Structure formats: C-alpha cells, structure tokens
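Nothing here was measured: the structure is a model prediction, and the numbers come from that model.
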Amino acid sequence: MTFTDEKDRMTKPFTIPMDTQHSNRASDYFGSLTFSGDVMLKRLPPEVFMNLQLTMQRNLSLDRSIANTVASAIKEWALEHGATHYCHWFQPLTGLTAEKHDAFLSPTGDGGAIEKFSGDALIQGEPDASSFPSGGIRDTYEARGYTAWDATSPVFLLRGSDGNKTLCIPTAFVSWTGEALDQKTPLLRSIDAVSKHAMRIVRLFGDTKASTAIATLGCEQEYFLIDRTLFLQRLDLVVCGRTLVGAQPPKGQQLEDHYFGAIPEAVLAYMTECEERLFELGIPVKTRHNEVAPGQYELAPTFENSNVAVDHQMTTMHVLRSVARKHGLECLLHEKPFAGINGSGKHNNWSMSTDTGVNLLDPRDDTYPNMQFMVCLAAIIRAVDLHADLLRVSIATAHNDHRLGANEAPPAIMSIYLGEKLTSILDQLVAGETKKSSKTMDLDLGARTLPQIPRHSSDRNRTSPFAFTGNKFEFRAVGSSQSVAWPNTVLNTIIAESLDFIATSLESKLGKNLTPAKMETVVRALLKDIVKTHKRVCFDGNGYSAEWHAEAAKRGLPNFSSTADALPSLATKKAEKLFAAYGVLSHRELHARYEIQMEQYCKIVQIEGRTLSQMAITQILPAALRAQGELADVVAATQHAGVPCPESEAALRELAGQVTTLRSAAATLDSATSKDVPNIEKRVRHFRDVVVPAMGKVREISDTLERVVPADIWPMPDYSSMLLIR
C-alpha cells in the first residue's frame with residue numbers, strides 16, 4: 001500500500017490539477033471525454049437526464065423510451081469532439097477488451113451520406129461470438145452473440161495516438177442463448193447480490209433512508225517501464241511479456257534506493273501525459289511513485305462504484321501501454337517481467353457503502369457499539385474461510401504463479417489480517433467480555449518542529465493476501481495484468497452468501513418484537529459463533545514465513561501453490577451451488593470459465609516454452625558457439641606459441657560442455673511443449689510438472705552462459721540495460 005491516509009481516499013472529494021493545457025477549470029477538464037455529469041445535464045432534456053441519472057445511480061436497465069434521445073445527444077457530443085466511429089466496448093473471456101468499430105457515416109439512396117446513430121445501435125450490438133473463448137457454450141459454427149449497453153458505466157471517447165477519437169459504449173457480451181461470455185455480466189449480477197443482502201443487514205439496524213448498497217473499489221496498478229528499442233530486441237518480452245532468460249544484474253534492488261525515490265524526468269513526463277488522458281476519461285487517479293524494483297512504478301486511483309472501477313481499470317491499462325510507446329517506452333504489466341526482481345501486483349481495495357454515504361466497513365472510533373460494522377466484518381471472515389479456495393482461484397493465472405508466495409507478494413494461502421485492535425475485540429467476543437476498544441493514540445516524534453501525528457488502529461501487513469486497512473479490505477494477491485472483474489465477482493458472491501446467512505439467522509431469531517437489548521444479545525451470540533468457527537483464517541504475522549505455512553496446515557487452511565492446483569476448485573459442487581444460488585453464474589457458465597482458464601494456462605505455458613526453445617536454438621546457442629570458437633582460437637594460438645594455458649583450456653572445456661547441455665535441454669523442452677495430451681486436466685498437469693521444469697533447466701544454462709559469453713556477442717539486451725538505463 002502506498003496511500004498516506006486511507007480514509008481520505010474513501011471520503012474526501014477528488015481534486016484535479018489546475019495547470020492543464022486543456023482547460024482553466026478542473027471541472028471542465030475532468031471527465032471531458034465521458035458522457036456523464038454536466039455533459040448529460042447540458043445536452044439532455046431534464047426528464048431524460050433525471051431518468052438516465054436514476055438508471056446509473058440505482059444500477060437499473062435503461063428505459064427504451066428515452067434511448068433515441070440519449071443516442072442523438074451522444075452522437076452530437078461525439079462528433080463535436082472529432083469522433084468518426086463508435087463501438088460496443090466489452091470484456092470477453094480473454095482477459096482483455098474487445099471492440100468493433102462502426103462509422104457514424106451511413107450512405108443514402110441518392111449517393112450521399114448522413115451521420116446516423118440510433119437508440120437501437122446504442123443499446124444493442126451483434127458481434128461474432130464464435131471466435132471468442134466460450135468454454136463449450138458456443139460451437140465454432142454458432143456465431144451469433146449480443147452486446148448490451150451497461151448504462152451504469154459512462155460512455156467515453158478513446159483517443160488514439162494520432163488524435164482520432166472513437167466513441168466507446170461499455171457493454172455486456174452474451175451468447176444467442178443469453179449466457180454470459182464476458183467478465184461484466186457476472187460482475188453486475190454479483191454486485192446486485194451483495195447489495196441485496198447487505199441491505200437486509202442495514203434494514204435490521206434501522207436504516208430506512210438508504211435504498212441500495214454499493215460495492216466500492218480502488219485498484220492500485222504496478223508496472224515496469226523499459227526502453228522500447230530494447231524491448232523489441234527481446235523475443236520473450238514481445239511474445240510473452242516477460243523475460244524467459246536473463247542473468248541477475250550486479251545491481252538490482254539490493255540498496256532499496258528506488259522505492260519512493262525521485263521520479264526520472266522521462267518517466268515523469270510519461271506519467272503526466274497518462275494522468276491527463278485518464279483525467280479526460282473521468283478516471284480519478286491520485287497517486288504515482290517509484291516502486292520497489294528499478295524500472296518499476298505505481299499508479300493508484302480513488303474509490304468508485306466497483307463496476308465503473310473495473311471498466312476504468314481496463315482503460316487505465318490501455319492508456320499506460322499506448323502512452324508509453326509515444327514516449328519511446330514499453331509498459332510491462334506482466335506479474336514477473338524479470339526473475340529475481342520484484343514482481344507487479346494490482347492491490348484490490350474493496351469496501352461497501354450505502355447510497356447515503358455510510359461506509360459499512362468503517363469501525364468508527366469505538367468499535368463495540370458499532371455492531372453493524374462487526375456484523376459485516378464477521379460476514380467477510382466467514383466468507384474468506386468457507387470459500388478460500390474460490391478466492392484463491394480468482395487470482396490463479398500462469399503469470400501470477402511466478403509471483404505468489406515469493407518474498408514480494410502474499411502467499412497462496414488465503415488469510416485475513418485484522419490488526420491488533422480488531423483481533424483483540426474478536427477475542428473478547430469469544431470470551432464473552434465487553435471491554436471498550438482502545439482509542440487511537442498520537443505519536444510523539446520527539447522534536448519540537450515535528451507535529452504529533454495520529455496513529456492508525458493497526459499496522460499494515462504486506463504479507464497478508466487479504467488485509468483490513470482502516471475502512472476496507474485490500475486483496476493484495478491480484479495480478480498486475482489481470483482484469484479485476486473476476487476477482488471481484490468471486491469476492492462479491494462469497495460475501496453475499498455470508499451476508500445472506502447472517503441476515504437470515506438474525507431475522508429468524510429477532511422476530512417482530514425487536515428491542516435494542518434483544519438486538520444486542522442476539523447479534524453478540526451470532527458473532528461469537530461465527531468468530532469461534534472461522535477465526536482460523538485470521539493471521540496477523542509474517543505470511544512469508546515457513547512457520548506460517550506449517551501453522552496454516554494445522555489450521556486446515558488450503559494451500560494451492562500453483563494455478564494447476566487451484567483451478568479444480570471451480571469444478572466442485574460447492575462452487576456450482578454457490579454461484580447458481582445467487583444468480584451470478586449458471587452451471588454451464590461456471591464450467592465454461594473452468595474450461596477456459598484451464599486452456600489458457602496450457603496455452604500460455606506452451607507459448608512460453610516454444611518461445612524459449614526458439615531463443616535457445618536460434619539466438620543463445622549460436623552466440624555460445626561463436627564464443628566457443630573464439631576461445632578455441634585463442635587456446636590454439638597460445639598453445640602454438642608454446643605458452644601453457646590450462647585455465648583457458650579448462651574454460652573452453654566447460655563452455656563446450658554447457659553448449660552441449662543447452663542443446664540437449666532445448667531439445668527436451670521442444671519435445672515437452674509439442675506433446676499431445678488430449679485430456680485437459682492431464683494437459684494442465686503436464687505443463688506444470690514437465691514443461692515448466694524444462695523451461696527452468698534451459699534458463700539455468702542460458703543464464704550461466706550469459707555470465708561468460710562476451711557482451712558484444714550476447715544476442716539480446718541484459719537486465720542492467722533494461723532496468724537501470726533511463
């Protein structure tokens with residue numbers, strides 16, 4: 001985490017830099033390329049504006065009677081800003097975004113053309129569904145699919161590198177059968193589920209003003225920047241997004257001098273343009289800084305409605321990549337671009353608030369009287385304990401396997417960090433005590449020129465995958481290249497189930513004759529039972545330690561060390577029942593995601609294996625042979641001169657042996673990646689158990705060779721060049 005004040009990010013209004021070249025007023029600049037707020041107010045009739053606003057605020061579907069009016073206003077606005085095309089912008093199960101551009105210009109019968117954009121074109125599209133991953137929901141010959149406008153997420157104009165703009169309409173993507181083929185549809189369903197059951201809790205505690213509960217989200221984004229010229233000289237980076245070989249540089253992150261250091265001027269110029277682009281799109285970025293590894297940086301936004309935050313996160317990744325190339329840089333979003341160097345994550349900060357502004361995860365100053373917070377906290381503890389397998393599988397990818405569990409990222413064991421204060425309160429609940437919770441103390445820094453500063457109720461624990469950080473939970477294990485839609489779909493669903501369980505229990509026990517005393521007694525008893533049963537998932541210590549792994553095993557917590565281990569959790573009856581019960585995913589939709597994720601894992605590892613095999617044979621081996629030949633010439637010339645050179649002879653024998661070993665290891669890798677394993681479960685295990693170790697062997701030999709082959713012969717940029725030169 002990098003934020004100086006957690007609660008400020010949740011409650012204080014976002015401010016925009018005033019010194020932009022686009023506008024003298026921040027309000028004119030922020031969101032100037034989104035059709036929302038003041039733009040809608042100015043361009044829509046009052047009754048249509050109110051209808052659309054209500055749609056967005058209450059997460060409702062659009063009233064079709066106003067569609068043509070809204071479409072006409074959007075078209076005129078887009079044309080005035082220079083847009084020539086529009087697209088339904090959606091998130092298929094590739095983990096990326098997709099778009100098919102249509103021109104506003106339409107031919108007329110007399111040989112002319114008109115600019116046309118109807119309400120039907122706004123609300124619904126029909127892209128080809130046959131070439132996107134469907135997990136068996138659609139056969140290749142079954143092509144029809146639909147996109148449907150998600151009116152709760154603002155329409156926006158995406159600017160290309162040449163200045164041209166395209167109108168992007170955020171949409172869901174479903175098959176002809178109505179089954180979800182995207183990330184957004186189940187996310188929206190899960191948002192509805194968590195809202196429905198959170199509101200039952202809110203009503204039990206007497207709030208009659210709130211009408212909905214909102215899952216809120218803020219996603220930090222870590223990334224690397226390297227010189228694009230160097231990037232293009234590395235086949236592994238171009239194809240796979242990470243280096244498959246590379247010896248450790250003399251200087252990496254040992255001195256810990258990059259973290260929060262002065263931002264290099266070239267990088268600052270890049271960051272500034274990224275922020276301008278994001279501000280235009282209404283994306284509330286707030287924080288920027290150097291991260292731990294050399295060449296690594298971070299960007300973080302303020303909180304938003306989770307659906308909008310997911311769309312904004314996908315757009316943020318697009319902007320980071322496209323702006324980098326304009327500056328002669330390449331933005332690497334892979335979880336582990338460089339071995340032995342800190343990897344990148346995307347910390348998923350999640351909370352719940354009512355539409356009246358009450359944060360349901362704010363413990364306030366005195367936690368004991370705030371029983372509503374304690375109920376929500378207990379629901380989350382229960383959810384993470386019961387469904388740790390699903391939380392783990394939500395961040396399981398071949399990319400993230402290189403990062404999770406290392407001394408840089410949370411382990412694969414799902415646990416919750418609460419901090420000293422909340423842990424003490426839970427212990428007292430179980431013991432039946434009713435002590436007051438401790439007040440926050442100020443820190444005296446011991447110098448007259450320094451102020452006393454308020455100390456938070458708990459420290460931070462960067463080794464915890466799911467940490468409470470003041471008034472929200474930070475899911476730290478999400479990968480940097482990953483769409484956050486799926487992790488949040490899972491998170492919303494498991495928490496909705498726990499809120500449902502608690503609300504049902506309380507409703508049945510409280511009855512109609514509700515008094516404050518009865519309420520407190522019943523709530524305390526239920527909280528005590530939940531904490532006693534599920535507190536095993538809470539751990540405040542060092543999640544990297546071997547002791548925790550042993551302790552977690554004693555507690556019975558699952559530990560899926562790889563994606564191959566985690567993915568079968570999606571194919572269980574428990575998972576099927578959970579997602580179906582809350583209307584998030586049907587059995588077919590869930591099984592499709594299981595099939596797709598298994599296939600994606602195999603394809604990613606296979607592509608990496610083939611890329612490494614090609615690099616070994618066509619780049620590394622020729623360089624090593626050339627070095628061997630030059631060394632052999634030196635040895636022969638020295639011997640011919642009658643000068644003993646045993647060290648050079650030994651070096652030549654060693655180099656020749658390494659060349660032979662590399663040739664053999666590359667052949668083994670090539671054979672492993674080419675093996676046909678029809679059964680998907682067996683294929684996943686083959687790539688994990690055979691291909692990944694074979695890649696490790698090739699890398700080990702290659703990295704050894706890089707340390708002895710002359711730099712002018714080595715066929716690709718090394719780590720020092722990519723990480724340290726700006």
Side-chain angles (χ1 to χ4, degrees), residues 92-95 130-141 181 235-236 239-242 244-245 334-336 389 392-405 412 479 481-482 486 558-573 575-576 587-618 661-702:
L93 296 174
T94 57
S130 64
S131 297
F132 289 105
S134 72
I137 287 180
R138 304 291 284 159
D139 286 322
T140 303
Y141 66 87
L181 295 176
L235 182 65
D236 47 6
V239 175
C240 307
R242 75 179 182 101
L244 303 176
V245 294
H334 194 285
E335 283 73 6
K336 195 74 170 178
D389 56 340
R392 169 66 179 93
V393 81
S394 76
I395 45 86
T397 68
H399 297 161
N400 221 7
D401 278 359
H402 299 287
R403 169 179 165 266
L404 290 183
S481 68
Q482 187 178 2
W486 178 232
N559 182 5
F560 300 117
S561 60
S562 73
T563 293
D565 297 319
L567 286 176
S569 299
L570 285 179
T572 64
K573 291 292 184 182
E576 177 185 331
H587 167 62
R588 269 169 53 95
E589 290 172 327
L590 179 63
H591 188 74
R593 279 152 179 77
Y594 168 67
E595 292 281 345
I596 290 168
Q597 287 189 245
M598 298 278 276
E599 287 287 353
Q600 284 179 336
Y601 175 83
C602 294
K603 289 174 180 177
I604 288 170
V605 177
Q606 184 179 57
I607 289 169
E608 289 185 346
R610 287 176 173 174
T611 301
L612 180 55
S613 176
Q614 180 178 334
M615 292 174 67
I617 297 299
T618 65
T661 304
L662 176 63
R663 198 190 303 273
S664 173
T668 299
L669 174 60
D670 187 61
S671 174
T673 57
S674 302
K675 184 176 181 180
D676 182 24
V677 184
N679 179 273
I680 184 61
E681 284 83 7
K682 291 181 180 179
R683 188 155 71 248
V684 167
R685 292 194 292 272
H686 168 74
F687 279 100
R688 177 195 62 189
D689 298 336
V690 178
V691 176
V692 171
M695 290 176 64
K697 182 62 176 176
V698 172
R699 173 165 202 150
E700 179 185 353
I701 303 164
S702 172

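Two residues are said to be in side-chain contact when any heavy atoms from C-beta on lie closer than 4.5 Å; Val677 and Lys675 meet this criterion. Here the side chains of Ser481 and His334 are not in contact, with every heavy-atom distance at 4.5 Å or above. In this structure, the side chains of Tyr594 and Met598 come closer than 4.5 Å at one or more pairs of heavy atoms. Arg688 has its side chain within reach of Asp565: a pair of non-hydrogen atoms, C-beta onward, lies under 4.5 Å apart. In this structure, the side chains of Leu404 and Arg392 come closer than 4.5 Å at one or more pairs of heavy atoms. Put simply, the side chain of Ser702 does not reach to within 4.5 Å of the side chain of Leu612, judged on heavy atoms. Residues Lys682 and Ile680 fail the side-chain proximity criterion, which asks for heavy atoms closer than 4.5 Å.
At least one donor-acceptor pair closer than 3.5 Å links the side chain of Thr673 to the backbone N or O of Asp670. The backbone N or O of Ala566 lies less than 3.5 Å from a partner atom in the side chain of Ser569, making a donor-acceptor pair. Side-chain atoms of Asp401 never come within 3.5 Å of backbone atoms of Ser562 as a donor-acceptor pair (strictly under, hydrogens ignored). Looking only at distances, a side-chain donor or acceptor of Arg593 sits under 3.5 Å from a matching main-chain atom of Glu589. A donor-acceptor pair is defined here as one N or O able to donate and one able to accept, closer than 3.5 Å; such a pair exists between the side chain of Thr668 and the backbone of Ser664. Side chain of Gln606 to backbone of Lys603: no donor-acceptor contact under 3.5 angstrom is found.
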Would Arg683 and Glu599 count as a side chain to side chain contact (heavy atoms under 4.5 Å, CB included) if you check the C-alpha gap in whole Å, the side-chain angles of each, and the deciding distance to 0.1 Å?
CA-CA 9 Å; Arg683 188 155 71 248; Glu599 287 287 353; 2.7 Å; yes
Trace of the side chain to side chain contact (heavy atoms under 4.5 Å, CB included) decision for Ile395 with Gln482:
CA-CA 8 Å; Ile395 45 86; Gln482 187 178 2; 3.8 Å; yes
Output, in order, the C-alpha distance, side-chain angles, deciding distance and verdict of side chain to side chain contact (heavy atoms under 4.5 Å, CB included) for Phe560 and Val393.
CA-CA 9 Å; Phe560 300 117; Val393 81; over 6 Å; no
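Smallest separation of non-hydrogen atoms from Ala396 and Gln597: O-NE2, 3.7 Å. Closest approach of Lys697 to Ala665, counting heavy atoms only: CG-CB, 4.1 Å. Ala398 approaches Thr563 most closely through the heavy-atom pair N-OG1, 3.8 Å. Of all heavy-atom pairs between Ala564 and Val684, the closest is CB-CG1, 3.4 Å. Residue Ala616 comes nearest to Val698 through the heavy atom pair CB-CG1, 4.1 Å, listed as atom of the first residue, atom of the second, then distance. Residue Leu181 comes nearest to Leu93 through the heavy atom pair O-CG, 3.4 Å, listed as atom of the first residue, atom of the second, then distance.
With sequence neighbours left out, the ring pair (Phe, Tyr, Trp, His ring centres under 6.0 Å) criterion links Phe132 to Phe90, Phe173. Listed by chain and residue number, nothing satisfies the side chain to side chain donor-acceptor pair (under 3.5 Å) test with Gln614 (two or more places apart in sequence, or in another chain). Under the rule for a ring pair (Phe, Tyr, Trp, His ring centres under 6.0 Å), His686 has no partner lying at least two apart in sequence or in another chain.
No side-chain donor from either of His402 and Glu335 sits under 3.5 Å from a side-chain acceptor of the other. Neither side chain, Asn400 nor Thr397, offers a donor N or O lying under 3.5 Å from an acceptor on the other.
Taking CG of Leu662 as the start and CD of Glu700 as the end, the distance is 11.5 Å to the nearest 0.5 Å. Note that the CG atom of Asp389 and the OG atom of Ser394 stand 10.5 Å from one another [nearest 0.5 Å]. The OH atom of Tyr601 sits 11.5 Å away from the CZ atom of Arg685 when rounded to the nearest 0.5 Å. From Arg699, atom CZ reaches atom CD1 of Ile701 across 13.0 Å, with rounding to the nearest 0.5 Å.
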